[in-house]
Amino acid sequence: MDNLIDILDLSVEEIDELVEKAKDIINNPDAYREKCRYKKLATLFFEPSTRTRLSFESAMLDLGGNVIGFSGADNSSAAKGESVSDTVRTVGCYADIIAMRHPKEGAPLVASMHAGIPVINAGDGGHNHPTQTLTDLLTINMEKGRFTDMTIGLCGDLKFGRTVHSLIEAMSRYSGIRFVFISPKELKLPSYVVDEYLTKNNIPFEETNDLMAAMPNLDILYMTRVQRERFFNEEDYIRLKDSYILTREKLAEAKADLTIMHPLPRVNEISVDVDDDERAAYFKQVRYGKFIRMALILKMLGIE
Amino acid sequence: MNIDGITNGLVIDHIEAGKGMELYNALHLGDLESSVALIKNVTSHKMGKKDIIKVDEVLDVDLDVLGFIDPNITVNIIKDNEIVGKKHIELPKKVTNLIKCKNPRCITSTEQELPHIFKLTDPATRTYRCIYCETKARETRV
């Protein structure tokens, strides 16, 4: 594999392979400590992102490699007007692999055409964020021990969340999956996602605006943030925002082995009193994110 | 209305009525030294009305441009007053710098030197998407 720009660049087999590799790293971390010795990862973050950048950098450091890069376009030559292609051509002379975040859609694809070294898309605007999807998949597999036969509830902003769309797309390739989409009608899943991934593959799903009613059937609850700026008027936002906040009370009817996920950062959509519940997996998810990125770096550098 | 036949050249036929001028511009026919006729609203059995372009010179037309504008167009090559060949037109898999991406969040909006490349993603609906941001081309006008 040369680059990872879109989760669709990976086949189901390749995803399974990455998940297995990540699990092996979790079980045998010492065996991987020197795997990337003398290799350099460049983290080119044209906009700030604490979590993703630190995850990539920790992943490389835990593989014994080194890290160079910048965080924020102000600290890079982009501030002087340099193009993405010139920046990555330069970085390609120093590093072995690039992880890139950019506010403009398609910037990592442009980078992959010019870098001469593998490029990983670490998020391009609201477009693609394949390592978040890989993180979600590893979390599901670690917490459930499988990818098949489960009911996945997705709650909150299902309209604009590309991460949600990618996860639906990735999970709809496995058997026995049912989806429950929980959102206000203003933030419903777009029809092209329904048509392209669900109807076409005969995947059962239901849509509701009632989180409490959906709760008892769920094996996974994937929460997202309902953002104020997505609403046309303040009144609707105030009316709806609390219906999509997960609290300990709302978990009363949930299964004992429910897995609660969230891509983070969270604002208030999961109340902090849920954090101690053993079903809360969103901080474990952060940890898994590092391991799947380790597996990805190894694969892209061609290291066993 | 009569336009003289051509001895050696091209007849671009079955152009959807009204699209002839667009095609004339897209193929840069205005730059040619030879005679070029753009005939509008010709009566057609199949189409009701159609446009035709005749070029008094055998030149290499960009079939991708033709296919993108309308894959039903036909191109006849004329030599010594006879049709000696027909070019097969199809939807191009990819078009470069023919249309521009209008998504303000696309990298092409800030990096001016990047080629605007659109990929055919659904031949049935003639859907083209920007290779960078995957935004649908809203129109197939060049």
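Each chain gets a letter, A, B and so on, in the order the sequences are listed, and its residues count up from 1. Not measured: the values here are computed from a predicted model.
Residue-environment remark: CD (B/E33) stays at or below the threshold of 12 foreign heavy atoms within 6.0 Å. Counted within 6.0 Å of OH on A/Y192, heavy atoms from surrounding residues, nucleotides or ligands total more than 12; the atom is thus considered enclosed. B/E82 CD: 12 or fewer foreign heavy atoms inside a 6.0 Å radius.
Counting only N and O atoms by type, the side chains of B/E57 and B/N8 include no donor and acceptor under 3.5 Å apart.
For B/I131, the parts lying under 4.5 angstrom from a heavy atom of chain A are both the backbone and the side chain. Contacts between B/T108 and chain A at a heavy-atom distance below 4.5 Å are absent for every atom of the residue. B/Q112 does not touch chain A: none of its heavy atoms, backbone or side chain, sits under 4.5 Å away.
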